[in-house]
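Note: hydrogens, waters and symmetry copies are ignored here, and every other heavy atom, side chains too, is used. Order of appearance sets the numbers: ligands from 1, and atoms from 1 within every ligand.
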Amino acid sequence: MPSTEPAHRARSWWRDAVIYQIYPRSYADGDGDGVGDLAGLRRRLDHVAALGVDALWITPWYPSPMADGGYDVADPRGVDPLFGTLADAEELISEARRRGLRILVDVVPNHVSDAHPWFRAALAAPPGSPERARFHFRPGRGPGGDLPPNNWPSEFGGPAWTRVVEPDGTPGEWYLHLFAPEQPDLNWADARVRAEYESVLRFWFDRGVAGIRVDSATLLTKDPALPDLPGEGPHPYVDREDLHDVYRAWRRIADAYPDPRVLVGEMWLRDPARLARYLRPDELHTAFTFDFLRSPWDADRLRACIDATLAGHAAVDAPPTWVLCNHDVTRTVTRYGRADSSFDFAGKAHDVPVDPALGTRRARAAALLTLALPGSVYLYQGEELGLPEVEDLPADRLRDPMHFRSGGADPGRDGCRVPMPWSGTAPPFGFGPDGSDPWLPQPPAWAALTVAAQQTAPDSMLNLYRSALRLRRAATGGPTTTRSGLRWLPAPDGVLAFHGPGTLTCWTNLTSRQVPLPARHDVLLSSAPLTGGTLPPDTTAWLRPA
Ligand code: ISL
C-alpha cells in the first residue's frame, strides 16, 4: 500500500473498510464482445477511486465454462480468456495498489467445475479410486442403483446428485453437487483437497491480493455417512464442527504475511452466535451479516439484527460486516419498493409490485444507516447508482442456473447482474464500444442512471455515496475509533438513532410521519431534504452536536 498509510491503519484496515464488489462480466467491456473484462475494469478504476472505497472484491475471474457465472472454476490459478490473462490480473492488482485500493479475490472451495482436471480424472477412473476420493461418489439406492444416494436437495433445485456413465458405458455411481451438476462438491476429508486450497491461497497472496472472499463458506465439510435430511444431531453439511479446522489452517497462512491478508466468509447462518464462532481470533477475519440484508425495512427488525450482530461479534472481538445487496440477491431499491421488503431465496417470485420512488428513497436512507454502523461495509456495483433489479429480461437472454433448475419458478439472479451504465443516452451506455451488445440487455430508462448523468446531479445516489464515504472516512478511520461500538439514543417508535463510531450520530426515520430532530446539532448529510428541524419519512440524517 502507499507508504503514506500509517502503520496502525495498515494493520487494521479491514476492521472498518468499505469494500466495493465487482462482478467482472457486468462491469466494463474492454474488447467489445459484450462481456465485461479486466481491461474494461482497469479503465474504470477512476470511478472506484472517486467513490472513496478502500478495497475491491472481484467475483471469480478464473477459467470456467461459466455454467454458474464463473463459480464453476476449472483452474483456480488462472484467468478466463473472456476476462483477460493472469498478467492482466497482476497488472490490475498493482495498479489498484498504486491508487491505494486493495483487492480481494473470490475462492470457491466447496466445489469445482466439471471441466476441472480432477473431475475429468475422476470420471475416467473406476469406483473406489483415489481420483474419485477427491469428490463424493457413491453407488445409487434402489434396484439397479437408480435412485440418488440420499435425499439432499441442490441449492438450485432438484436433487444434489447426478449419475455418471462409467468408462465402460454402463450406468454407474452418483456424485454430489450442492449447486449445479456442473459444480461437483469436493471431499474436504481428503488431505489433497486441503493442501490444494492452501496452495491456492498462497498463490493469490503472493500476487499481492489483500484478502479472500470464501464462497459458500459454511458448506465444505460433510458427514461421511451422508445421511438423509432431516437427521438427528448436527446438520450433515451446514456449519459442521470440523470446518473450523480448515479456517484455522487458512488463518495461519494469512497471518504468515507481513501485512494483513484477510478472510471474509460468505456464511448464510441465521444464528449470530454460530456465525461469531467462525470469527474467533484464529479463524476468519469477518463474515457477511446476511440477516441485515434479509431484514425488511422495519425499525424493530433492523435494530434487533444490529444488536444481535454487535453482541455476537463483540464476544470474539471481530468487526461486523454489513451488506445490503450482492450478485445473488434482489437489488436494494427494488426490494425496498415492495410491500414485503425482506429477502429470502425461497420466497423469490415473479410479478411482485414495486414502487420505485419509495424503494429509492428507502435505499438512500438505508445506505446512510449502514455506513454509520461500526464495522466494515460491502457495496455491490450499481448500488451506488441506485440501479433497480431488471425484472423483464427476455426469457431467451437468461443464463442463471437458479432460474432454470427451479423450472422457471425462481426468477433467478440475472436481474441484479445487468451490465453497468456508464454514459450516453442509449445502450450499451459506455459498457462496451458503441454498437456492441451487452450479454444482458440494459433498460433504455437507465439513461438517467449512468455514472456520467449522476456525476453532474448534486442530489444523485452517486453523489450521496461519495459524500457519505468522504464523511465516514473523516469521522472514523483510526485505531482509536474502529473498535468503538454503538450507543442507542432515545427516539420515537420506528426511529433508529445512535452514536456510531467516531463523531457521527445517525437518525433514521422508518415511519410514515415526520419526527422532530434533536435541538442544537449540525446536519452533516441527509438522504432527503430536511425541513424545519424534522426528519421526513424514510430518511436518514447524519448529525454532529453544534
Ligand atoms: O442458494 C442459497 C440458499 O438457498 C444460498 O444460501 C447460496 O448457498 C449462496 O447464495 C451461495 O452463493 C455463492 O455460491 C454459489 C454461487 O452461485 C453464488 O453466486 C455465490 O455467491 C455457488 O458457487
Are Trp268 and Phe290 close enough that their ring centers fall under 6.0 Å? yes

Counting heavy atoms only, which of Thr59, Leu269, Asp68, Asn326 comes nearest to atom 16 (C) of ligand 1? Asp68

At what distance is the nearest protein heavy atom to atom 12 (O) of ligand 1, and which residue and atom is it? Glu266 OE2, 3.1 Å

Identify, by atom number and element, the atoms of ligand 1 in contact range of Phe156, meaning under 4.0 Å from any of its heavy atoms. 17 (O)

A student comparing Arg413, Lys348, Glu155, Gln183 should find that the heavy atom closest to atom 4 (O) of ligand 1 comes from Glu155

Should one rank Asp72, Val238, Asp106, Asp328 by closest heavy-atom distance to atom 18 (C) of ligand 1, which comes out on top? Asp328

Should you measure from each heavy atom of Ser216, which atoms of ligand 1 turn up under 4.0 Å away? 11 (C), 13 (C), 14 (O)

Please say which of Met420, Arg417, His327 ends up in a side-chain contact (heavy atoms from CB on, under 4.5 Å) with Gln381. Met420

Less than 6.0 angstrom separating the ring centers of Trp188 and Tyr197, yes or no? yes

How far is atom 13 (C) of ligand 1 from its nearest protein heavy atom, and which residue and atom is that? Asp215 OD1, 2.9 Å

Between Tyr378 and Phe288, what is the ring plane arrangement, given parallel below 30°, perpendicular above 60°, and tilted in between? perpendicular

Geometric class of the His47/Tyr20 ring pair [parallel <30°, tilted 30-60°, perpendicular >60°]: perpendicular

For atom 15 (C) of ligand 1, the protein heavy atom that lies nearest, with its residue and separation: Phe179 CE2, 3.8 Å

Would you call Arg213 a ligand 1 contact, heavy-atom distance under 4.0 Å? yes

With a cut-off of 6.0 Å (strictly less than), are more than 12 heavy atoms of other residues, nucleotides or ligands near CG of Asp351? no

At less than 4.0 angstrom from any non-hydrogen atom of Trp268, what atoms of ligand 1 do you find? 6 (O), 9 (C), 10 (O)

for atom 5 (C) of ligand 1, nearest protein heavy atom and its distance come out as Phe345 CE1, 3.5 Å

Taking 4.0 angstrom as the limit and counting only heavy atoms of Arg417, give me the atoms of ligand 1 inside it, by number and element. 19 (O)

Which heavy atom of Ser64 sits nearest to which heavy atom of Gly70, and what is that distance? OG-CA, 3.5 Å

Using a 4.0 Å cutoff against the non-hydrogen atoms of Met402, which atoms of ligand 1 qualify? 1 (O)

Give a yes or no on whether a salt bridge exists between Asp282 and Arg248, defined as a side-chain N under 4.0 angstrom from a carboxylate O. yes

Determine, stepwise, if the pair Glu391 / Arg338 fulfils salt bridge (charged side-chain N to carboxylate O under 4.0 Å, His left out). CA-CA 13 Å; Glu391 301 192 274; Arg338 292 175 173 163; 2.9 Å; yes

Using a 4.0 Å cutoff against the non-hydrogen atoms of His111, which atoms of ligand 1 qualify? 22 (C), 23 (O)

